[in-house]
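Ligands are counted one by one from 1 in listed order, and the atoms in each one are counted from 1 as well.
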Amino acid sequence: MINIAIDGPVGSGKSELAKLLSKRLGFYMLDTGALYRGIACYYRYKFNKPINKDTVDKLVKEIDVDIKFIDSVQHVFVCGIDFTPNLREEEISMLSSEISSFPEVRAKILDLQQNFAKEHNCILEGRDIGTVVLPNAEYKFYLTADEEIRAKRRYEQIKDKPNAPTYEKVLDDLRKRDFDNRHRKVAPLKPANDSIIIDNSNINLEQTLEKILTYIK
Ligand code: DC
């Protein structure tokens, strides 16, 4: 199977890019952030209190995470509950970032991601795909862009939603998530040594796609 890893920080455009690439190549795409988001939704549903080591230990013992593609849309099930409608909530963005720093949470969904990649020609997008999940992926890309540009993109996506945060709050949250993702002890966000780094601060999605396609044979 051919595997493509796409990693990068919040707002680097990796999900949109992975979607376009999967259409272009006819590959499956797995959004791995959605798995952490699904776990965060279950955490809120079951424990509904600040995260600590004890509750995470309990959580990891009882959860069972699964993905299904329904009408070509990726759904995330945790203990049989489909959390897909809640995955993009702002509260879940912050909670998933926090929960993903626990090594036991990461270990829990490693096989799921690796088995998916064994069974399909696919693109996996996340934070640690090229470094940890698929170190032998055929192609590895690391997308990045200036932090203010990333915050603006994120703000544009959510500004019309009810209770949308201000741009300043989006920028603050993005800085916090970037910091946490880059400084956690296990599987921190960083480019793999053999990944192709693409800064798309000054190019749009289609141009980023074209650039990536020049590397894929
Ligand atoms: O890509 P995203 O914003 O949907 O990801 C949600 C959180 O999950 C993000 O803050 C970091 C974490 N994550 C991770 O640690 N490793 C991945 N491969 C994907 C996401």
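Between N200 and R150, the side chains place no donor N or O within less than 3.5 Å of an acceptor N or O (distance only, hydrogens not considered).
Salt bridge annotation for R182-D178: present, with a cationic side-chain nitrogen under 4.0 angstrom from a carboxylate oxygen. Salt-bridge annotation for K53 and E104: present, with a side-chain N of the basic residue lying under 4.0 Å from a carboxylate O of the acidic one.
Shown here are the side-chain hydrogen bond (donor to acceptor under 3.5 Å, both in side chains) partners of K23, two or more places apart in sequence or in another chain: there are none.
Relative ring orientation between F179 and H183 is described as parallel, the plane-to-plane angle staying below 30° on a 0-90° scale split at 30° and 60°.
For Y28 and F116, the distance between ring centers is under 6.0 angstrom.
Sorted by chain and number, the residues within 4.0 Å of ligand 1 by heavy atom are K14, T32, G33, Y36, R37, R88, S96, S97, S100, R106, G126, R127, D128, R177, N181, R184.
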